[in-house]
Amino acid sequence: MTEIEYFYSAHSAFAYIGSSRLMEICAKYGASLVHRPIALSPVVEAAGGLSFAGRTRPHVDYYFGREIERWSEFRNVSIINHRPTYHDNALDLSNGMIIASIPLDLDTDALAHAILQAHWRDDIDLADVGALLDVAQDLGLDGRALLDAAQGDDVRSQHEANTQEAIARNVFGSPTYFVGGDMFYGQDHLELVARALEKPFEPNAFRNPE
């Protein structure tokens with residue numbers, strides 16, 4: 001089965017906007033997702049990107065405002081009309097729950113989508129234990145077991161490993177997808193991901209000057 005490596009954070013607006021379309025693509029082409037939740041800020045900054053606070057207001061209003069509105073409408077995704085109230089809270093528990101679900105052979109795809117949706121549609125705090133328990137319960141999962149596992153050393157180590165791997169592979173932000181080692185950044189490239197699954201692109205031959 002073809003794999004799509006999926007680097008993202010549990011609070012990513014564009015990962016949420018593309019989530020349902022990503023699942024459709026996987027189903028159509030028989031591809032499986034390899035979930036790699038990351039600590040997003042270190043990845044963005046390592047790639048030379050600015051922190052949210054370091055961006056200009058016009059950039060924020062366009063990329064984290066108008067683009068969210070248009071793409072959510074285009075993808076027919078329900079979304080709140082403001083930056084989530086608790087968007088800057090830690091992602092250890094939410095990213096950790098997703099990571100913890102993988103070795104337990106749970107439906108990680110559904111869990112990841114539900115967490116993204118809860119943050120961007122329902123404005124939940126991803127550091128709120130009760131809110132995360134509710135998300136898991138709605139999926140019929142043992143939320144307490146997932147939260148306990150999320151705080152374990154194995155999951156913390158995997159989270160850090162995912163983050164460092166993203167930096168080493170020059171990931172720019174969330175979401176980023178790899179098909180056969182070819183990187184596609186942003187949910188606006190999902191149609192190219194689908195094409196890569198159907199027919200891989202020619203190898204990279206373009207060269208920029210030093």
Side-chain angles (χ1 to χ4, degrees), residues 4-27 31-41 43 52 64 68-69 71-73 75-163 166 173-177 187 190:
I4 300 172
E5 293 179 275
Y6 180 27
F7 289 86
Y8 64 103
S9 71
H11 76 335
S12 169
F14 293 104
Y16 168 52
I17 290 169
S19 181
S20 291
R21 178 63 180 136
L22 177 60
M23 305 305 169
E24 291 172 359
I25 290 169
C26 287
S32 63
L33 287 179
V34 179
H35 291 263
R36 308 268 197 224
I38 57 173
L40 184 56
S41 291
V43 172
F52 187 83
F64 297 105
I68 288 174
E69 288 180 324
W71 274 106
S72 61
E73 182 177 338
R75 298 261 189 233
N76 194 28
V77 172
S78 297
I79 200 165
I80 55 178
N81 65 354
H82 59 86
R83 193 168 187 262
T85 306
Y86 307 101
H87 193 66
D88 295 319
N89 282 359
L91 298 173
D92 303 70
L93 292 180
S94 52
N95 277 352
M97 283 178 70
I98 296 168
I99 294 169
S101 73
I102 299 169
L104 295 175
D105 200 28
L106 301 177
D107 190 343
T108 304
D109 295 356
L111 178 62
H113 179 80
I115 289 174
L116 288 162
Q117 179 174 264
H119 187 59
W120 276 99
R121 188 192 68 182
D122 306 325
D123 199 20
I124 75 159
D125 178 0
L126 294 178
D128 184 318
V129 169
L132 291 172
L133 285 173
D134 288 343
V135 171
Q137 182 177 342
D138 288 346
L139 293 172
L141 302 176
D142 185 342
R144 177 54 63 186
L146 281 172
L147 282 168
D148 288 346
Q151 299 172 76
D153 290 341
D154 289 349
V155 168
R156 292 181 189 275
S157 294
Q158 186 62 57
H159 192 221
E160 177 62 19
N162 289 348
T163 302
S174 172
T176 296
Y177 319 96
Q187 66 80 33
L190 279 171

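Bear in mind that the values here come from a model prediction, so they are computed numbers and not experimental data.
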Before giving the answer on side-chain contact (heavy atoms from CB on, under 4.5 Å), spell out for L190 and L22 the whole-Å C-alpha distance, their side-chain angles and the decisive distance to 0.1 Å.
CA-CA 7 Å; L190 279 171; L22 177 60; 3.9 Å; yes

_Check against side-chain contact (heavy atoms from CB on, under 4.5 Å), D107 and L141_ = CA-CA 9 Å; D107 190 343; L141 302 176; over 6 Å; no

- Message: What verdict does the ring-ring contact (aromatic ring centres under 6.0 Å, His included) test give for Y8 and H35, after you've listed the backbone C-alpha separation in whole Å, the side-chain angles of each residue and the deciding distance to 0.1 Å?
- Response: CA-CA 8 Å; Y8 64 103; H35 291 263; 5.8 Å; yes

After noting the C-alpha distance and the side-chain angles of V77 and R21, does the key distance pass the side-chain contact (heavy atoms from CB on, under 4.5 Å) rule? CA-CA 10 Å; V77 172; R21 178 63 180 136; over 6 Å; no

| task | With side-chain contact (heavy atoms from CB on, under 4.5 Å) as the test, would you mind laying out the steps for L91 and S94 before giving the verdict? | result | CA-CA 5 Å; L91 298 173; S94 52; 3.8 Å; yes

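Listed here is the closest heavy atom pair of S20 and H113: OG-CE1, 3.3 Å. Scanning all heavy atoms of the two residues, the minimum distance from R121 to Y16 falls at CB-OH, 4.0 Å. Nearest heavy-atom pair, L116 versus A10, reported as atom, atom and distance to 0.1 Å: CD2-O, 3.4 Å. In terms of heavy atoms, A15 sits closest to P175 at N-CD, 3.5 Å. For Y6 against L33, the heavy-atom pair with the smallest separation is CD2-CD1, 4.0 Å. Of all heavy-atom pairs spanning A166 and V43, the tightest one is CB-CG2, 3.9 Å.
Checked against side chain to side chain donor-acceptor pair (under 3.5 Å), Q137 has no partners two or more places apart in sequence or in another chain.
Note that OG of S174 and CD1 of I38 are 6.0 Å apart. Values are rounded to the nearest 0.5 Å. Distance check, rounded to the nearest 0.5 Å: CE of M97 to CG of D92 gives 13.0 Å. Residue L111 holds its CG atom at 6.0 Å from CG of L139, rounded to the nearest 0.5 Å. Annotation: the span from I115 atom CD1 to I124 atom CD1 amounts to 7.5 Å, rounded to 0.5 Å. Expressed to the nearest 0.5 Å, how far OG of S78 lies from CD of E73 amounts to 11.5 Å. Rounded to the nearest 0.5 Å, atoms CG (L126) and CG (D88) are 11.5 Å apart.
In this structure, R144 and D148 have side chains that are in contact, with non-hydrogen atoms separated by less than 4.5 Å. In this structure, the side chains of N162 and I99 come closer than 4.5 Å at one or more pairs of heavy atoms.
D123 places a side-chain N or O within 3.5 Å of a backbone atom of T85 that can act as its donor or acceptor partner. Without hydrogens or angle criteria, T176 side chain to F7 main chain gives no donor-acceptor distance under 3.5 Å. Remark: the backbone N or O of R156 is not paired with any side-chain donor or acceptor of E160 at under 3.5 angstrom.
Ring-plane geometry between H11 and H87 is classed as parallel, the angle between the planes falling under 30 degrees on a 0 to 90 degree scale with a further cut at 60.
Atom CD of E24 has more than 12 neighbouring heavy atoms from other residues, nucleotides or ligands inside a 6.0 Å radius. With a 6.0 Å radius and a threshold of 12 heavy atoms from other residues, nucleotides or ligands, F64 has its CZ atom above the threshold.
Using a 3.5 Å distance cut-off with no hydrogens or angles, the side chains of Q158 and D154 do not pair a donor with an acceptor.
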